There are 2 protein chains.
Amino acid sequence: MAETLTTTALTLKDIARQAGVSLATVDRVLHNRPGVRPDTVRRVKEAIERNSFQPHVAAAELARGRARRFAFVMPSGPNPFMQQIQDYLGEMSGWLSSRRLGVETVATDVFDPSVLAASLEGLSDDYDGIAVVALDHPGVRAAIDDLVDAGAKVVTLVSDVPSSRRHHYVGIDNIAAGRTAGALVGRLVGQKSGKVAIVAGSQGLRDHAERIFGFNQVMASEFPGLSVLPVLEGRDEDARSEQLLARLLGRHTDIVGLYNVGAGTQGVANALNEKALSDAGRDRQVVFVGHDLTALTRRLLLQGVMHAAISQNPGHEARAAVRVLLALARGEPILREQEKIRIDIVMRDNLP
Amino acid sequence: MAETLTTTALTLKDIARQAGVSLATVDRVLHNRPGVRPDTVRRVKEAIERNSFQPHVAAAELARGRARRFAFVMPSGPNPFMQQIQDYLGEMSGWLSSRRLGVETVATDVFDPSVLAASLEGLSDDYDGIAVVALDHPGVRAAIDDLVDAGAKVVTLVSDVPSSRRHHYVGIDNIAAGRTAGALVGRLVGQKSGKVAIVAGSQGLRDHAERIFGFNQVMASEFPGLSVLPVLEGRDEDARSEQLLARLLGRHTDIVGLYNVGAGTQGVANALNEKALSDAGRDRQVVFVGHDLTALTRRLLLQGVMHAAISQNPGHEARAAVRVLLALARGEPILREQEKIRIDIVMRDNLP
DNA sequence: CTCAAAATGAGTTGCGTACCTCAAAACACC
DNA sequence: GGTGTTTTGAGGTACGCAACTCATTTTGAG
């Protein structure tokens with residue numbers, strides 16, 4: 001009836017006895033210290049295996065004594081999503097300090113490779129782990145690799161640099177996000193055929209490019225009745241996005257769907273509202289899908305202007321980054337499933 | 001540039017010095033032991049506040065020494081969702097044992113109130129915390145309250161008993177889930193009008209009833225073009241669900257949407273497939289929204305038979321339950337945002 | 001003022017590990 | 001067999017807190 005999943009009360013002393021060696025030797029094996037014959041190493045490791053011994057993390061943490069410091073390198077400027085991540089880090093302060101963890105944020109211009117690389121250099125002297133919102137650029141990659149070489153644990157946050165030797169990436173799969181957006185636009189448009197517009201910040205940004213790629217993939221393969229118009233590059237600015245989109249909506253009266261890849265959401269909404277006014281009465285509402293859950297997108301969802309938002313949970317992202325850095329620093333395994341950032345579809349009725 | 005969120009290195013000794021008392025007194029205050037004048041209590045608490053002192057959890061855990069044991073009271077029988085939760089608990093075994101936590105599962109008939117209550121009785125002698133998939137019934141409520149009175153920490157899992165004194169509920173908001181299902185069916189049906197069918201296990205089950213409630217709410221207020229047919233009670237059985245639904249589909253040729261509230265998914269899919277065959281060619285596909293991500297629903301989504309699944313992440317649920325029980329046992333605060341179980345919308349293109 | 005009760009101080013022990021030192025034993029090599 | 005080197009044992013200290021004992025001081029009631 002009751003199935004035991006875990007029962008452990010063994011200590012290092014027990015392992016030492018079983019392996020027929022002293023505590024000191026077990027310690028040497030456990031921490032890869034030199035001066036142990038290969039044969040003895042094997043015996044000790046076997047004893048550990050046999051009992052599936054796990055060092056008591058609390059004891060280890062206490063004995064090691066050293067407080068750990070992590071740095072979060074984030075964009076300067078008023079990006080609400082990044083602000084939310086920092087807010088959640090603040091909310092964790094109790095959790096952090098009761099584990100003697102120090103978390104500090106370093107604001108920098110993450111869009112300038114040389115500035116970002118410069119910010120990263122030397123961080124390994126002061127911090128055990130670094131989480132960085134990274135631009136995918138050779139200079140940045142080199143800076144990350146340098147940190148890793150210097151012994152720091154590095155995770156990329158939100159935006160990845162897959163070619164670097166970072167230990168982990170905490171963020172969503174942007175191609176899948178784009179595919180999801182495509183599926184939503186296609187399904188929500190329904191039977192109608194027509195054109196679909198895309199507004200992005202820039203196709204030079206890795207995450208935007210990946211989202212567009214995924215979006216086009218789905219539109220081409222599953223919704224042949226919808227044709228995708230060339231991407232508008234609004235640079236994540238409201239004014240520019242509004243202007244470009246308004247012009248496009250004027251030229252193409254048969255636009256039935258819109259995918260906003262990045263920010264500039266207010267501008268997009270303005271352009272759509274103008275069109276809605278001039279179309280008044282006719283059933284011509286454009287299906288609008290965008291990213292991230294902010295005060296603005298929340299309002300637009302409630303108003304019915306926006307139909308769905310693809311969101312990544314900033315709280316989860318912040319916590320996952322800290323947990324991953326901590327596990328890496330301790331040499332513990334990472335619960336990959338737990339730390340995976342999911343793509344959430346948010347519509348009016350499941351607004352969290 | 002660098003903003004410090006946390007810096008702590010204080011120990012109890014420092015607090016004692018600041019408050020002008022001895023370590024023993026601080027200890028008495030911290031653990032609500034008797035024999036301290038109210039005024040002294042205040043002084044000590046102020047010193048703790050002032051420094052926002054947090055005891056070092058590792059040290060506390062080590063000093064307390066006692067291993068903790070948690071019980072998971074789960075349905076016997078082959079429920080795949082519950083099986084997934086147990087699987088994830090198994091995957092955590094390393095994490096658990098390195099913290100000297102024992103987790104055991106107790107299988108019982110959670111649908112029989114007296115059997116469930118009997119299983120719960122006496123558990124508090126052996127376990128520090130209990131997670132239970134609970135039926136909402138007076139007998140069960142009493143059993144839960146008894147456990148709480150006996151000093152055990154209790155969380156309800158997946159299904160809540162809000163009237164009990166359980167410390168926490170780990171699971172989704174089922175009314176919101178139903179609302180989400182309603183919004184999905186309504187939006188995915190698109191412009192068409194017609195009828196919508198509901199297949200549930202039983203309206204007597206709290207979670208099913210809540211989901212139906214939420215679903216109807218949205219349909220009534222937002223999709224007046226769609227009329228909801230009376231609920232079919234398939235008892236979560238494939239054969240019965242198929243039979244009932246097939247008959248309904250025969251009687252009403254204008255069914256455009258279907259909400260499957262519980263299990264019996266294979267039966268529902270069978271009935272839909274039959275209809276699809278007889279409707280061949282005509283654009284009459286029924287929008288099908290259901291719950292949970294299993295091997296079957298995953299296949300149906302990929303085949304395009306099912307359009308969306310509302311899912312709760314069983315891994316998250318298992319981990320959250322353990323973390324909450326641990327925090328409760330340690331007297332730590334619970335990170336509510338972290339432990340909240342989200343409602344995931346899964347469509348073909350964001351299948352995890 | 002006296003005396004018991006209440007409050008407090010001072011101290012100890014132990015939790016399981018990390019990290020260190022020093023001496024003893026085993027080994028390899030000539 | 002002697003030498004030097006490598007491997008191993010034994011033991012200690014520290015980490016911060018929980019939980020306890022016992023002596024001492026303070027307090028309040030009579």
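It should be emphasised that the depicted structure is a prediction, and the values quoted were computed from it without experimental measurement. So you know, we letter chains A, B, ... as the sequences are listed, proteins then strands, and number each from 1.
- Here C:dG16 presents its P atom at 13 Å from CZ of A:R17, a figure rounded to the nearest Å.
- Under the salt bridge (Lys or Arg N to Asp or Glu O under 4.0 Å) criterion, B:R50 pairs with no residue, sequence neighbours left out.
- Considering only side-chain atoms of B:R100, the nucleotide from D:dC17, C:dG16, C:dA18 that sits closest is C:dG16.
- Between B:W95 atom CH2 and B:L101 atom CG the span is 6.0 Å, to the nearest 0.5 Å.
- Separating the CG atom in B:D146 from the CG atom in B:L123 is a distance of 12.0 Å, to the nearest 0.5 Å.
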Between the protein and nucleotides 7-10 of chain C, are there any N/O to N/O pairs under 3.5 Å, and if so, what are the atom names and distances?
from, atom 1, to, atom 2, distance (Å)
C:dA7, O3', B:R37, NE, 3.2
C:dA7, O3', B:R37, NH2, 3.2
C:dT8, OP1, B:R37, NE, 3.4
C:dT8, OP1, B:R37, NH2, 3.1
C:dT8, OP1, B:T40, OG1, 2.2
C:dT8, OP2, B:R37, N, 2.7
C:dG9, OP2, B:S22, N, 2.7
C:dG9, OP2, B:S22, OG, 3.2
C:dG9, OP2, B:T25, OG1, 2.7
C:dG9, O6, B:R28, NH2, 3.0

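- No side-chain N or O of B:E317 forms a donor-acceptor pair with one of B:Y88 less than 3.5 Å apart.
- Atoms CZ (A:R33) and P (D:dG9) sit 15 Å apart, rounded to a whole Å.
- Straight-line distance from the NE2 atom of A:H56 to the P atom of C:dA18: 12 Å, rounded to whole Å.
- The salt bridge (Lys or Arg N to Asp or Glu O under 4.0 Å) test applied to B:D125 returns no partner, not counting sequence neighbours.
- Distances shown here put every side-chain N or O of A:R64 at or beyond 4.0 Å from the OP1 or OP2 atom of D:dC15.
- Here B:D14 pairs with B:R17 under the salt bridge (Lys or Arg N to Asp or Glu O under 4.0 Å) rule; sequence neighbours left out.
- Atoms CD (A:E61) and C1' (C:dT17) sit 11 Å apart, rounded to a whole Å.
- Side chain of A:D27, nearest nucleotide from C:dC19, D:dC17, C:dG16: C:dC19.
- Atom pair B:L30:CG and D:dG16:C1' shows a separation of 12 Å (rounding to whole Å applied).
- A:H31 has a side-chain polar atom (N or O) that falls below the 4.0 Å cut-off from OP1 or OP2 of C:dA18.
- Rounding to whole angstrom units, CG of residue B:L62 and P of D:dA14 are separated by 17 Å.
- Between the C1' atom of C:dC27 and the CG atom of A:D39 lies a distance of 14 Å, rounded to the nearest Å.
- Scanning for salt bridge (Lys or Arg N to Asp or Glu O under 4.0 Å) contacts around A:D126 gives an empty result, with sequence neighbours left out.
- Between B:E61 and B:R66 there is no salt bridge, since no side-chain nitrogen of the basic residue lies less than 4.0 Å from a carboxylate oxygen of the acidic one.
- Rounded to whole Å, atom P of C:dG11 lies 12 Å from atom NZ of B:K13.
- Remark: the A:N51 side chain and the A:Q18 side chain contain an N/O donor-acceptor pair separated by less than 3.5 Å.
- In this structure, the helix from C:dC1-D:dG30 to C:dC30-D:dG1 shows an angle of 20° between the axis at its start and the axis at its end, each fitted on 5 base pairs and rounded to 10°.
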